[in-house]
S.K.: 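First, the structure itself, so that you have it in front of you.
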Amino acid sequence: MSTTAPPGPATAPDPRPRPARRPTPVLFRVLRPIASLQLSVVLFAIATALVFFGTVAMMQKGLWTVVDEYFRSALVWVPFELFRKWGTIFLDMPKDAEPWVGSFPFPGGWLIGGVMLANLLAAHIVRFKFSWKRSGIVILHAGMVALMLGELVTGLYAVESTMTLKIGEKADFVDASREFEIAVVDHADPKIDKYVCVPQGMIERPGVVRDERLPFVLEVVEYWPNTEFDLLKRPPTDGRVLPSPMGWFRFAKKGEGAGVDGQAPVDTPSVVVKAVHSKTGASLGEYFLSALEYPNFALNHRRFPLPEQSVTVDGKAYGIGLRNQRIYKPYEIELKRFEHGKYPGTDIPRDFASTVLVKDQRDDDPVEVRVWMNNPLRHQGDSLYQHETLTSDSGTVLQVVRNPGRIIPYASCVMVTLGMLVHFGIRLNGFLAKRAA
Amino acid sequence: MTRFERVFPFLVVALFGGWLASQAVPPKPAEGKVDFAALGRLPVRDGGRVMPFDTFARGTLQSLCGRTEVKDQAGNLTATATQWLAAVLDSADWDSGPGAKFAVVRIDHDQVLAKLNLPRRPGFFRYSVEEIQPGLIELARAEMVVQKKKEQGRPTDAFDAAVSDLWGKLGRYQRLAQNGLPELVPPQSAADDWRTLAAVDATYRPTEEDEQAAHAHALRRIHREFGDKVDQPDALPPQEYAVIKRSFDVALGVAAARTAAAHRAQTSPAAAALSGVVRAARDGRADEFDRQLAEYRDKYLAHVPAETMTKVRTEDFVLGHFDPFFLCAELYVVVFVLGVVGWLGWSGPIHRAAFGLAVLTLAVHTAALVVRMYVQGRPPVTNLYSSAVFIGWGAVGLSLLLERYYRNGIGLVVAGVTGAGTLRLAHFLSSSGDTLGNLVAVLDTNFWLATHVTTVTLGYTATFVAGFIAITYIARGVFTTSLNPVAEKALGQMVYGVICFATLLSFVGTVLGGIWADYSWGRFWGWDPKENGAVMIVIWNVLILHARWGGLVKNRGMAVLAVAGNMITAWSWFGTNQLGIGLHAYGFDNRLATGCRYFWLSQLAIMAVGLLPRQWWRSNSQLVAGSRPTDPVREYESNKTIRRAPATPA
């Protein structure tokens, strides 16, 4: 492991005293402790524990909240209550006992990943020596670095969204899956709707939203990360209520859905806002806006015809609503056909497939493509997947993902696998040769 | 080597081979008795899959009572699955027909038993539909309460879960008796599809006479049951009226169903022929059964594709009455016993016998797996059940490979334990339904099932094998004096090599899963509990390897860490599934969670034993102890034995 010995022919044990060591460069003296294998082992142990805590945490919190708090963070406070919850399942502890209070700090995914990266790079700098024997190790660790960076890129830049289409409909925008916005719309021009949108960051906390294009100011009163609702035949006397042709929707605040509920749960955010006239300061009323009103929202999917709410200022009406953040695309998708195959004599789904017409803005020649399970459409840096179906197969929901780091895991996996095969192959070969001797 | 020592392994293998062959011969019915095995080979369709009648019967029975045959309280066989199903099918009065006498409904919740006014039967727990029938109204009320709770989102308890479970079982039983299950009638033309007898009967249009007769029958029935007061319905209190009216409607339905059934010759000759076969079997008329069965097979199965028929026959022959995985589980126990006995002495012949037997068993295991793949048209792992069967197969194969290199009995013992253990587990898991059932849309891809699922499952397998070798190491070191330095070195190498293999497979498998996820929903890594479980296995294996490379652990420490690997693998395989299921309902089927708990506790105990100071190990004198002063003579002696120690420890 010595880094100072000059390269030379390997010799038998030398009885003479060793020549005086050249002083170790400062860089190496700093790097050596960082490069230690002990540190690697400790990091692996901590990482195992973190993944375990995060998984158990999904009993309480939404999957993506856990990902943000545990895996994409520097530090996480792990509540003791997790262990009680875990115990109710595996240790037969009573479900309705008092929750355990308190929590302890634990390194988060980004901290562990960062230190691991440092450890790995330092180790390779300190111990770097090119030889066939070590080639596998070098390749596989380079692959691991790429894999970690890929997850970092995904965590920072990937955008997941959906596109909801009934048969015959077309769209040139997608709805971001986990970001919401308040959209105020001016329907005055019969040709084009003009939107003013308030992004998620401005509506999560109470505050005032001002925009010159609007004649009124919005005051965020309260933001609900998740909402439960029921549909009633008669107008209820309590709760937040929105009328619809189907009946009265009653809303109540609710905790986040848990991440272990089989499929990733969808949280329904809602927000309470007050509209105030910009000039006169007169109140224009309080509005309860729920993402459920948005026809493309995952729990609505065109099932609930909740009418658009509107703010009237000086005789002019503006539509207002909470919706998934809208992202426009340089292409347009039209749904031609939708197929839903079932196994004979059952309701077990066998296949979902959407046949769509893809039309680029520049390109006038639309292309027909069939998108089905495990067979996405890759187009202009986006991947479009068959995701869900609308009621009675009247349309489709495509998942649209844009991930600049999409290709990194592929490359890194090939490298790691290759590296392991080379390394273990060399070792096995040596071992077998020794046994044969 | 004496002659006997040479011949002994062959004798053992021949003995068990003969036993296996005897199990493979289909049972012949006694003269004049109905050939139920022939009935069991007929095709039926359920859940979209055409399968043997007997497979359907076993599956249904398994879901009702956790057994694949009917036994009485003393443990005597009262009916095979096919016999039972023949008795149950086609009885319009489902709760009093011939099938209602078999004790096949498992109830083990005391409160539910009290509600139904049934005696407790500890250790047996099974009741006949006839016995449950008087308590049905009480049960229906309890079920309504549960439904209400669920609708209002109130928490349910273990009693509620037991009520719902029983209600579901009885519903299934009723559908069976009233022909709503399975699809028995094969297609009779290219455009035709499989139909249930109920669907056939529904096409019958009753005549006016039929309706009058049914009405008269229903009237007679309530007369018998409630007396003459039914003649003045207006004078009855409303509640009693409702009860009588219900009874009347039920009797009317039964009569209508009987009439429709009697006219099957018109509605569907195939259905008539089939119900004739079932009736003849039920009534024990052997000659008529043979005649009708032959006619049915000749005339009415023409439109079932030949390939389907071959699959049904193969499935019945190999996976049905032969029950290969069950037999394999027993043989693996023998392998384990022989492996351990071989360590006590006469190890050469015994271990060779065990190896031969293990290879034979693995061959049967492999053949059965291949048949499953052929019948389902899928790669080996499609559900939890098949993952257990496959992990067992991989673990035995890997252990035998090790045994072939090391010839020290360790591979045999590990093969025996993992083979028998996983197949017993598979038997337990099979109670959740058809193990060859159809797959939902996202899983409908043989490519990813073959690559990702198979590789990641093999990763679990290798991790388990490393863990079990480590257990062998600890057990032999602490409790026996057989762990000499040669054995220790071999064991260490085995654990290390298998962990390398496990790291590679679990990493590649996990990554392939990521690529599949990228193809099916555009997310390479989704952090869901199952994925996290898989990545924990990878990280843990990597940890062991680095700890060993860094000199942080030697053989013993590696063994202890590998046992911890067993815990993590169990968590990933079963634990993560329990999180979601166990989150909401109280009385969910927690047997898997309980199983995990005991497994984890056992592994923790083994790790604790492995961490006992070396001087407490019984093999300590065998291992050259550098840490404490030793008797020089003894040390010399032990060194001598080391030098002479054969590859196979005595």
Side-chain angles (χ1 to χ4, degrees), chain A residues 36-38 40-41 44-45 47-48 51-52 54-56 58-59 63 66-67 71 88-92 95 150-151 154 158 160 258-262 264 343-346 348-352 373-376 383 385 387 399-401 403 406 409-410 413 416-417 420-421 424 427-428 431 435, chain B residues 45 47-49 155 183 193-194 405 438 440-442 444-445 448 493 497 500-501 503-504 507-508 511 514-516 518-529 532-533 535-536 539-540 542-543 546-547 549-552 568 571 575-576 578-580 582-583 586 590 593-594 596-597 600:
Chain A
S36 89
L37 264 174
Q38 276 95 322
S40 320
V41 171
F44 290 136
T48 313
V51 176
F52 177 73
T55 312
V56 179
M58 287 177 198
M59 291 175 72
L63 190 145
V66 170
V67 168
F71 305 133
T88 60
I89 291 182
F90 291 102
L91 305 178
D92 266 350
K95 291 221 162 179
E151 176 58 20
T154 305
E160 287 183 18
V260 290
D261 291 356
Y343 285 102
T346 66
I348 306 172
R350 178 186 202 133
D351 193 24
F352 300 99
M373 296 308 247
N374 299 319
N375 286 275
S383 303
Y385 305 83
H387 183 52
Q399 166 115 311
V400 184
V401 179
N403 181 3
R406 191 180 88 78
Y410 287 77
C413 293
V416 177
T417 310
M420 275 202 240
L421 284 175
F424 293 147
R427 290 224 156 193
L428 185 66
F431 171 71
R435 274 186 71 88
Chain B
R45 192 174 77 174
R49 180 171 91 82
E183 291 166 305
D193 199 8
W194 286 83
Y405 271 103
N438 285 315
V440 293
V442 72
D444 185 17
T445 148
W448 292 114
Q493 283 173 346
C500 288
F501 190 57
T503 311
L504 177 68
F507 177 81
V508 173
V511 159
I515 294 177
W516 181 8
D518 185 42
Y519 267 84
S520 60
W521 48 86
R523 191 182 295 147
F524 179 78
W525 191 252
W527 294 107
D528 84 40
N532 292 349
V535 86
M536 278 168 70
I539 302 180
W540 193 255
V542 168
L543 179 147
H546 283 80
W549 290 328
L552 270 73
I568 294 178
W571 163 253
T576 50
Q578 300 303 308
L579 285 182
L583 188 58
Y586 196 103
N590 61 356
T594 316
C596 283
R597 173 173 73 214
W600 287 328

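What you see is a predicted model; the values in this text were computed from it and never measured. Chain letters run A, B, ... following the sequence lines, proteins first and then strands; every chain starts at 1.
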S.K.: Looking at every heavy atom in both Q38(A) and L552(B), which two are closest together, and how far apart are they?
M.R.: CG-CD1, 3.6 Å
S.K.: Testing the basics here: between C413(A) and V511(B), what is the closest heavy-atom pair and its distance to 0.1 Å?
M.R.: SG-CG1, 2.6 Å
S.K.: Between L91(A), N403(A), V66(A), which residue shows the highest count of heavy-atom pairs closer than 4.5 Å to chain B?
M.R.: L91(A)
S.K.: Can you tell me which portion of Q399(A) sits under 4.5 Å from chain B's heavy atoms? Options are side chain, backbone, both or neither.
M.R.: side chain
S.K.: Assess the residue pair M420(A) and V508(B) against the criterion (side-chain contact (heavy atoms from CB on, under 4.5 Å)); give the C-alpha distance rounded to whole Å, side-chain angles, the decisive distance to 0.1 Å, and a yes or no.
M.R.: CA-CA 10 Å; M420(A) 275 202 240; V508(B) 173; 5.7 Å; no
S.K.: Is it the side chain or the backbone of T48(A) that comes within 4.5 Å of chain B heavy atoms, both, or neither?
M.R.: both
S.K.: So which of G497(B), C500(B), G533(B) has the largest heavy-atom pair count under 4.5 angstrom toward chain A?
M.R.: C500(B)
S.K.: Between F501(B) and F424(A), is there a side-chain heavy-atom distance shorter than 4.5 Å?
M.R.: no
S.K.: Which answer fits F431(A), side chain, backbone, both or neither, if we ask what part of it has an atom under 4.5 Å from a heavy atom of chain B?
M.R.: side chain
S.K.: Of the non-hydrogen atoms in I539(B) and A47(A), which two are nearest, and what is the gap between them?
M.R.: CD1-CB, 4.0 Å
S.K.: Based on non-hydrogen pairs under 4.5 Å, which of V41(A), V401(A), L421(A), V67(A) is most in contact with chain B?
M.R.: V41(A)
S.K.: Count the heavy atoms belonging to other residues, nucleotides or ligands that lie under 6.0 Å from OH of Y405(B), then report whether that count exceeds 12.
M.R.: no
S.K.: Check whether T154(A) gets within reach of chain B through its side chain, its backbone, both or neither, counting any heavy atom under 4.5 Å.
M.R.: neither
S.K.: How many angstroms lie between OG1 in T55(A) and CH2 in W571(B), if you round to the nearest 0.5 Å?
M.R.: 6.0 Å
S.K.: Nearest 0.5 Å, what's the CG-CH2 distance between L37(A) and W549(B)?
M.R.: 9.0 Å
S.K.: Tell me, do F44(A) and W540(B) make a side-chain contact under 4.5 Å, heavy atoms counted?
M.R.: no
S.K.: So what's closer than 4.5 Å to chain A heavy atoms on W527(B): side chain, backbone, both or neither?
M.R.: both
S.K.: Side chains of D518(B) and Y410(A): does their closest heavy-atom pair fall under 4.5 Å?
M.R.: yes
S.K.: By a 4.5 Å heavy-atom criterion (distance strictly below it), what part of F90(A) contacts chain B: side chain, backbone, both, or neither?
M.R.: both
S.K.: Is the shortest heavy-atom distance from the side chain of M58(A) to the side chain of P529(B) under 4.5 Å?
M.R.: yes
